[in-house]
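Notes follow once the structure below has been shown.
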Amino acid sequence: MFRILALISIFTVALFAAGDASFEATKRELNIPAIIMFFIFVGGTLGITYWAAKRTKSASDFYTAGGGISGFQNGMAIAGDYMSAASFLGLSGLVYLKGYDGLVYAVGFLVGWPVILFLMAEKLRNLGKFTFADIAAYRLAQKEIRTLAALGSLAVVTLYLIAQMVGSGKLIQVLFGLEYEYAVILVGIMMIVYVTFGGMLATTWVQIIKAVLLLSGVTFMGFMVLSHFGFSFEALATKAVETHELGQDIMAPGGFISDPISAISLGLALMLGTAGLPHVLMRFFTVGNAKEARKSVVYATGFIGYFYLVIAIIGLGAIVFLNSDAGAQYFVDGKLFGGNNMAAIHLSHVVGGNVFLGFISAVAFATILAVVSGLTLAGASAISHDLYASVINPNCTEEQEIKISKYAVIVIGIIGVILGIAFEQQNIAFMVGLAFAIAASANFPILFLSIYWRGLTTRGAFIGGLLGLITAVILVIVGPIVWVQILGNEEALFPYKHPALFSVTVAFIGIWLFSKTDNSQRAKDEKKAFEAQNIRAETGFGAAGAVDH
């Protein structure tokens, strides 16, 4: 293990020695404070991985940290998993660019959590073991449901992973002066090491550390921005309106999402998609009981809600400070260096100097590592637990399942690196939207109805879920982003960027219709089994407890 860690350290040094990357507009000097803090973070997390590896012996340890994570720790880890680089950099960049409409995304990301808290958290913990497919397949046929759930999980994980890998490459390219390909490879290697050796325990602590660092960083930025306006948000907003080229329009809706269908569809994707993300749902099996699962969501909602409130301050602060005389140094040929997504990074330099810029840069990198680690573990568990151990080889031993999972981590990591490099020049914005649409259309309806609807059958869940998955993918392909912007056609066949309103509706109607028309004996047995499932969901009798290490 130590030899591997040493090789990784040597490899990272070699990569940074090969820095001084070229950009479209200019060259970026190596950010020495950022590199120092980066190595501190890498060293600390590799130490945690070594500690976690010695405690990861069983499948329960690898997938769910033995269920021994407390509600507070898990809430912090969920927040760390959910507050991605897209949230930190993308949302602050959206507020910087469009004002009010950037906050629509923040609200959409947040409102999914009450759904999880009140309708799902307790039942997820009582019914599940390692993945959300355990719940969907509790009383339904294992083969069909687990196969579909695994396909949905892998689709979400792959799309999300590509977006994160491309984002990480661009981010590190701008922050550290490192070649794009090397940056993506570095993220892939670190991700594989964390998950393969440390499993869920290492991933959890990486996410907790990242959440603490990120919340500390944005709090300091928000404090410094507001301190220039007497800690008055109204004064900050007024100055932002005066400064922004759109003026008063940045405080009005409609600049980014212009019609009601798109707004509703986007809201559904963000709200229901959150409740269907496999790497988020997996975290509810890491706590000891349903009470801790509920506490996890309460803490996570608090941390995430606070984070999005501060992001609004940071976005408005970027408008004010980057469009002032002091912000002129961050523009090249009239454009913000690194794009609008770098607004928060440049603001960190304005309010905190080189040292704080280095801190925020290292935190942004930590953010990516934490998210891709969670995604990789969710994808690996879908392959090893849902497909291999439950469908392909139900008689496999626990050791065989863990071995397959670790192989899957390596394969997913390599695929993520290859696709990250391949998609460097592509518009990847649609991938995150499609990931949420698939999660909302294929994963959430099956999961929700398997918990609450007695009439659900295997045939209904499989056909309806598959219809939702296919509809979401097709509508994105024939929509404005892919059909027009990427494929170069003049007009989109489907006029809306976000398909969730239609694909979620198709999924629910399909599940209902094909379940209602299923009169087979298997369907009758599945409906009868609902009573026993409901008792377990409400009481937790028979659910696995925490493991003592």
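All values below come from the heavy atoms of this structure, side chains included, with hydrogens, waters and symmetry mates left out.
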Do [X] and [Y] come close enough that some side-chain heavy atom pair is under 4.5 Å?
| X | Y | value |
| --- | --- | --- |
| Trp205 | Thr49 | no |
| Thr274 | Val115 | no |
| Met200 | Thr286 | yes |
| Ile345 | His349 | no |
| Gln164 | Leu375 | yes |
| His228 | Leu236 | no |
| Leu419 | Thr158 | yes |
| Phe444 | Leu277 | no |

Identified side-chain contact (heavy atoms from CB on, under 4.5 Å) counterpart of Lys210 within the set Val212, Leu213, Leu214: Leu214
Which atom names give the shortest non-hydrogen contact between [X] and [Y], and what distance separates them?
| X | Y | value |
| --- | --- | --- |
| Ala343 | Leu322 | O-CD1, 3.7 Å |
| Ser381 | Thr131 | OG-CG2, 3.6 Å |
| Val409 | Ala380 | CG2-CB, 3.6 Å |
| Thr203 | Gly374 | CG2-N, 3.9 Å |
| Ile360 | Ser348 | CG1-CB, 3.8 Å |
| Pro278 | Val157 | CG-CG2, 4.1 Å |

Side chain to side chain contact (heavy atoms under 4.5 Å, CB included) between Val363 and Val218, worked out: CA-CA 10 Å; Val363 167; Val218 297; over 6 Å; no
Counting distance only, does the side-chain N/O of [X] pair as donor-acceptor with the main-chain N or O of [Y] below 3.5 Å?
| X | Y | answer |
| --- | --- | --- |
| Lys406 | Gly199 | no |
| His244 | Leu97 | yes |
| Asn74 | Arg283 | yes |
| Ser324 | Phe321 | yes |

Centres of the [X] and [Y] rings: under 6.0 Å?
| X | Y | answer |
| --- | --- | --- |
| Phe436 | His498 | no |
| Phe197 | Tyr50 | no |
| Tyr496 | Phe494 | yes |

To the closest 0.5 Å, what do you measure between [atom1] ([X]) and [atom2] ([Y])?
| X | Y | atom1 | atom2 | result |
| --- | --- | --- | --- | --- |
| Ile208 | Phe72 | CD1 | CZ | 8.5 Å |
| Asp81 | Thr204 | CG | OG1 | 8.5 Å |
| Ser92 | Ile314 | OG | CD1 | 6.5 Å |
| Ile304 | Ile78 | CD1 | CD1 | 7.5 Å |
| Ile481 | Leu487 | CD1 | CG | 12.0 Å |
| Met271 | Ile264 | CE | CD1 | 11.0 Å |

Test item: side-chain donor near acceptor, Thr471 and Ser503, under 3.5 Å: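 Looking only at side-chain atoms, Ser503 and Thr471 do not form any donor-acceptor pair under 3.5 Å.
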Intermediate values then yes/no, side chain to side chain contact (heavy atoms under 4.5 Å, CB included), Leu357 and His346: CA-CA 8 Å; Leu357 172 64; His346 297 317; over 6 Å; no
Phe331/Asn323 under side chain to side chain contact (heavy atoms under 4.5 Å, CB included): CA gap, chis, key distance, verdict: CA-CA 10 Å; Phe331 287 82; Asn323 290 313; 4.1 Å; yes
Phe223 atom CZ, neighbour heavy-atom count above 12 within 6.0 Å: no
Side chain to side chain contact (heavy atoms under 4.5 Å, CB included) assessment of Ile414 paired with Val411: CA-CA 5 Å; Ile414 293 171; Val411 171; 5.9 Å; no
